[in-house]
Amino acid sequence: MSERPMRAVTIKEFGGPEVLTHEEITRPKPLPTEVLVRVHAAGINPVDWKTRAGQGMAGLQTMPLVLGWDVSGVVEEVGFGVTTLAPGDEVYAMPWFPRPAGAYAEYVTAPSRHFARKPASIGHVEAAALPLAALTAWQALVDTAHVQAGQRVLVHAAAGGVGHLAVQFAKHLGAEVVATAREHRHAWLKELGADELIDYTRQRFEDVTGHVDVVIDLVGALDDTDVRSVSVTRPGGLVVAIPDGVPERLATVAGQAGVRTSPFLVEPDSAALTTIAGLVDSGKVRIEVERTFALEEAAEAHRLGETNRTRGKLVLTVSD
Ligand SMILES: NC(=O)c1ccc[n+]([C@@H]2O[C@H](COP(=O)([O-])OP(=O)(O)OC[C@H]3O[C@@H](n4cnc5c(N)ncnc54)[C@H](OP(=O)(O)O)[C@@H]3O)[C@@H](O)[C@H]2O)c1
């Protein structure tokens, strides 16, 4: 079959939001075991703009690059060997991460088993907001920290994409949830299940938080949040250091206090996405989308995301 074009947002060099260019490129074809998915919406994550700027996963990418890892869409075609999905199926995923997935485009191809069935109760925009953020929150709480009912969990940056899902998952696991966010986010985060809220702009969290078992740190080195988190963690407890890994200073202070630390990098995980879809469809978990942008407005979406003030998620709408 001859090559067919598709709309995409590409970058040819690392840089500011202006390097994001809307153009036509060749539509990919699925290899054996892969599916071709028509993208309805693509979620935006901080790793997108970090990578665009030459940080994040930049070292693993080649130019020209189509950014984006979060996809919700419909299976258009299946490659040889795919028996669990068929054309017409509604799916969502964070395929390929940390290799390029090319979600800022009309079509993506990826191994069929990177995908899960999209939650039936929400649209593609909300579903596209979930994968990377929800997998991060889920894998950090469940697979890394093994959070148990009755434990106290501190979530930093609770109002963001990962944070608002971590609050809900931690609550679902039976934890008592302490969360940091600006005051105007508190009522919403209480509705989502946070038990205690701390306005980090007015109080040092370590002055008002009792001991916790687990810290889901989504802020990292900014304001020394990672190192300061050690002082609120009980000996033997765990700080999951999500944005910046475990720098030497954090390792040293934690070691002296008998607190464990863990670096973290989210992984594709269709089994977890199926579990998360179940939580969404049963009404136990809500996904918050602050704003959508058309595909060609990707640069504007990055500019807004980089202000670090997003409530929930930003999403690109790609096709109807
Ligand atoms: N390692 C991994 O696999 C992985 C995976 C996902 C994300 N991450 C990283 O984790 C971080 C969070 O990701 P995200 O998608 O949740 O980001 P996001 O949605 O852009 O987070 C924005 C939120 O951060 C809050 N915030 C900013 N500074 C804060 C501070 N000092 N204390 C408390 N809250 C603060 C803001 O809330 P207020 O309005 O209340 O200030 C805002 O709602 C990013 O650095 C991202 O790159 C890493």
Side-chain angles (χ1 to χ4, degrees), residues 43-53 55-58 60 67-70 94 96-98 128-141 143-145 154-169 178-190 192 194 196-206 208-209 215-229 232 239-247 261-269 272 287-291 301-315:
I44 295 178
N45 292 285
V47 69
D48 300 5
W49 57 78
K50 290 178 185 176
T51 302
R52 186 212 69 222
Q55 299 147 17
M57 298 300 137
L60 304 176
L67 280 169
W69 280 276
D70 273 341
M94 180 201 70
W96 294 117
F97 188 87
L130 277 167
L132 193 146
L135 287 175
T136 300
W138 187 262
Q139 291 170 357
L141 289 161
D143 303 334
T144 307
L154 169 62
V155 178
H156 285 305
V162 180
H164 85 293
L165 293 162
V167 165
Q168 297 175 80
F169 292 157
V178 187
T180 63
R182 282 164 201 260
E183 201 191 341
H184 65 292
R185 308 292 195 209
H186 287 191
W188 167 60
L189 288 166
K190 277 203 164 149
L192 296 183
E196 283 174 48
L197 271 307
I198 300 162
D199 180 351
Y200 66 92
T201 64
R202 296 198 180 159
Q203 290 172 301
R204 289 170 67 82
F205 64 83
E206 61 270 44
V208 288
T209 312
V215 180
I216 301 297
D217 179 16
L218 296 160
V219 175
L222 185 68
D223 298 331
D224 262 353
T225 301
D226 51 357
V227 171
R228 287 163 52 211
S229 292
V232 300
V239 177
V240 187
I242 294 182
D244 305 310
V246 180
T261 55
S262 178
F264 179 89
L265 193 60
V266 65
E267 297 179 52
D269 184 348
I287 174 73
E288 176 80 11
V289 175
E290 180 183 306
R291 195 165 154 195
H302 275 214
R303 282 189 194 98
L304 182 62
E306 283 179 280
T307 63
N308 200 19
R309 292 278 80 85
T310 306
R311 166 175 152 147
K313 299 286 303 176
L314 305 176
V315 175

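In each ligand, atom 1 is the first atom listed, and ligand 1 is the first ligand listed. Numbers here simply count residues along the sequence, with the first being 1.
Atom CG in D48 sits 8.0 Å away from atom CG in L132 (nearest 0.5 Å). For the atom pair OG1 of T136 and CG of L141, the computed distance is 10.5 Å after rounding to the nearest 0.5 Å.
Within 4.0 Å of ligand 1, protein heavy atoms come from P46, K50, L132, T136, A157, A159, G160, G161, V162, T180, A181, R182, R185, Y200, L218, V219, I242, P243, F264, L265, V266, N308, R309, T310, G312.
Residue pairs meeting the salt bridge (Lys or Arg N to Asp or Glu O under 4.0 Å) criterion with at least one partner in residues 180-190, sequence neighbours excluded, are E183-R202.
Taking the side chain as every heavy atom from C-beta outward, P98 and W69 never approach each other to under 4.5 Å.
The two residues I242 and A140 have their closest heavy-atom pair at CD1-CB, 3.9 Å. Contact between W138 and A272 at its shortest, heavy atoms only, is CD1-CB, 3.8 Å.
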